[in-house]
Amino acid sequence: MQDEYRTVARVGVHEVEVNRSRFLCALAPVATEQEAQDFIAGVRKEHADASHHCFAYVIGADAAIQKASDDGEPGGTAGVPMLQMLLRRDMRYVVAVVTRYYGGVKLGAGGLIRAYGGAVGEALDTLGTLTRRRFRLATVTVDHQRAGKVENDLRSTGRTIRDVRYGEAVTIEIGLPDADVEAFRGWLADATAGTAGLELGGEAYGDA
């Protein structure tokens, strides 16, 4: 697994105009290829009167799934430069759709490549990106007497608390970078006089 990846911070649209043609770049973070396809379909429906809806998406922290479409523009002048821009910016789990309203002036192949790739780059700059880091899911089990202090200490040191459950004991789910696991194990033993349990789970990604 990759240690981290970047994705777009939020869903949004950024518009640029090139020689009277309007290029609307819609960006969205997506978890699956189906989500990307659904987003593309939604943009097509919203702008049904537009000339083209070119798209590119990258799914997977390792960029395992990559797709691009020129949607009727000359081959290689729209979808590919859009995809290249996403990859150049290390973007993952993201879909970009550039909707073009033709303004009557032909841009030529070079102009189209610059317009489509540039629209994605500008949209990323405008909407912002965030980094998501890989971490290990961990479950801390502690008695009720010590739970409050442990939870406060975790929050004050910036640990990501994902869930707290109260039963016979208190179960606190957190995310830990792999490199921190042993140091955390030592801290937890000291903080609870060795009474707390620590169980490591699978891996996931969270905001850095």
Side-chain angles (χ1 to χ4, degrees), residues 1-15 23-48 50 52-71 78-100 116-139 154-155 158-165 171-181 199-208:
M1 287 174 79
Q2 304 282 112
D3 280 339
E4 62 181 48
Y5 68 85
R6 293 170 71 199
T7 192
V8 65
R10 59 189 172 90
V11 178
V13 180
H14 177 71
E15 182 175 335
F23 293 86
L24 283 72
C25 179
L27 284 175
V30 288
T32 64
E33 189 167 12
Q34 186 58 55
E35 278 185 31
Q37 296 282 4
D38 291 347
F39 182 77
I40 294 161
V43 173
R44 282 184 189 281
K45 194 172 174 184
E46 186 182 345
H47 298 283
H52 304 278
H53 300 284
C54 305
F55 68 78
Y57 56 80
V58 183
I59 309 291
D62 55 356
I65 299 172
Q66 303 177 20
K67 291 265 174 72
S69 166
D70 297 315
D71 193 39
V80 169
M82 290 169 63
L83 181 62
Q84 285 173 339
M85 181 61 72
L86 293 176
L87 293 172
R88 195 178 308 146
R89 298 287 191 93
D90 291 324
M91 301 301 292
R92 304 290 187 266
Y93 292 106
V94 65
V95 58
V97 186
V98 176
T99 297
R100 181 187 184 189
Y116 279 101
V120 173
E122 282 193 32
L124 288 171
D125 291 339
T126 302
L127 297 174
T129 62
L130 52 83
T131 300
R132 296 176 75 79
R133 288 221 172 93
R134 181 164 60 102
F135 61 83
R136 171 82 57 186
L137 296 168
T139 305
L154 288 171
R155 291 189 194 282
R159 295 287 178 205
T160 305
I161 295 181
R162 300 167 63 82
D163 191 25
V164 181
R165 292 190 301 277
T171 307
I172 305 170
E173 285 189 3
I174 60 169
L176 285 175
D178 265 343
D180 292 0
V181 169
E199 192 177 316
L200 297 178
E203 293 181 319
Y205 287 92
D207 295 346

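- With rounding to the nearest 0.5 angstrom, the CZ atom of R134 is 8.0 Å from the CZ atom of R136.
- Between P29 and Y93, the closest side-chain pair of non-hydrogen atoms is not below 4.5 Å.
- The shortest non-hydrogen separation linking A96 to V120 is CB-CG2, 4.2 Å.
- Using a 4.5 Å heavy-atom cutoff, the side chains of T99 and E46 are not in contact.
- F55 places none of its side-chain heavy atoms less than 4.5 Å from the side chain of V43.
- Around CD of Q66, the count of heavy atoms belonging to other residues, nucleotides or ligands within 6.0 Å exceeds 12.
- Annotation: side chain of M82 is not in contact with side chain of L87 (no heavy-atom distance under 4.5 Å).
- Between D71 and H52, the closest heavy-atom pair is O-ND1, 2.8 Å.
- Residues E35 and Y57 are not in side-chain contact: their nearest non-hydrogen atoms beyond the backbone lie 4.5 Å or more apart.
- Atoms OG1 and CG, on T7 and D90 in that order, are 12.0 Å from each other to the nearest 0.5 Å.
- By the 30° and 60° cut-offs, the orientation of the rings of F23 relative to Y116 is perpendicular.
- Residue E173 holds its CD atom at 11.0 Å from CD1 of I161, rounded to the nearest 0.5 Å.
- Residues R159 and L176 form a side-chain contact, since some pair of their non-hydrogen atoms from C-beta on lies under 4.5 Å apart.
- Under a cut-off of 6.0 angstrom, the local environment of CZ in R89 is crowded, with over 12 non-hydrogen atoms contributed by other residues, nucleotides or ligands.
- Here the closest non-hydrogen pair linking F135 and G175 is CD1-CA, 3.3 Å.
- With contacts defined as side-chain heavy-atom distances shorter than 4.5 Å, the pair H14/L127 does not qualify.
- From E15, atom CD reaches atom OG1 of T126 across 12.0 Å, with rounding to the nearest 0.5 Å.
- To the nearest 0.5 angstrom, D38 atom CG is 11.0 Å from E33 atom CD.
- Heavy atoms only, all atoms of each residue included: D70 and A78 are closest at OD1-N, 3.2 Å.
- Residue E122 holds its CD atom at 9.5 Å from CE of M85, rounded to the nearest 0.5 Å.
- Pairing each heavy atom of R92 with each of D62, the nearest pair is NE-C, 4.2 Å.
- When every heavy atom of A119 is checked against every heavy atom of C25, the shortest pair comes out as O-CB, 3.7 Å.
- Looking at heavy atoms from C-beta onward, V98 lies out of side-chain contact with R100 at the 4.5 angstrom threshold.
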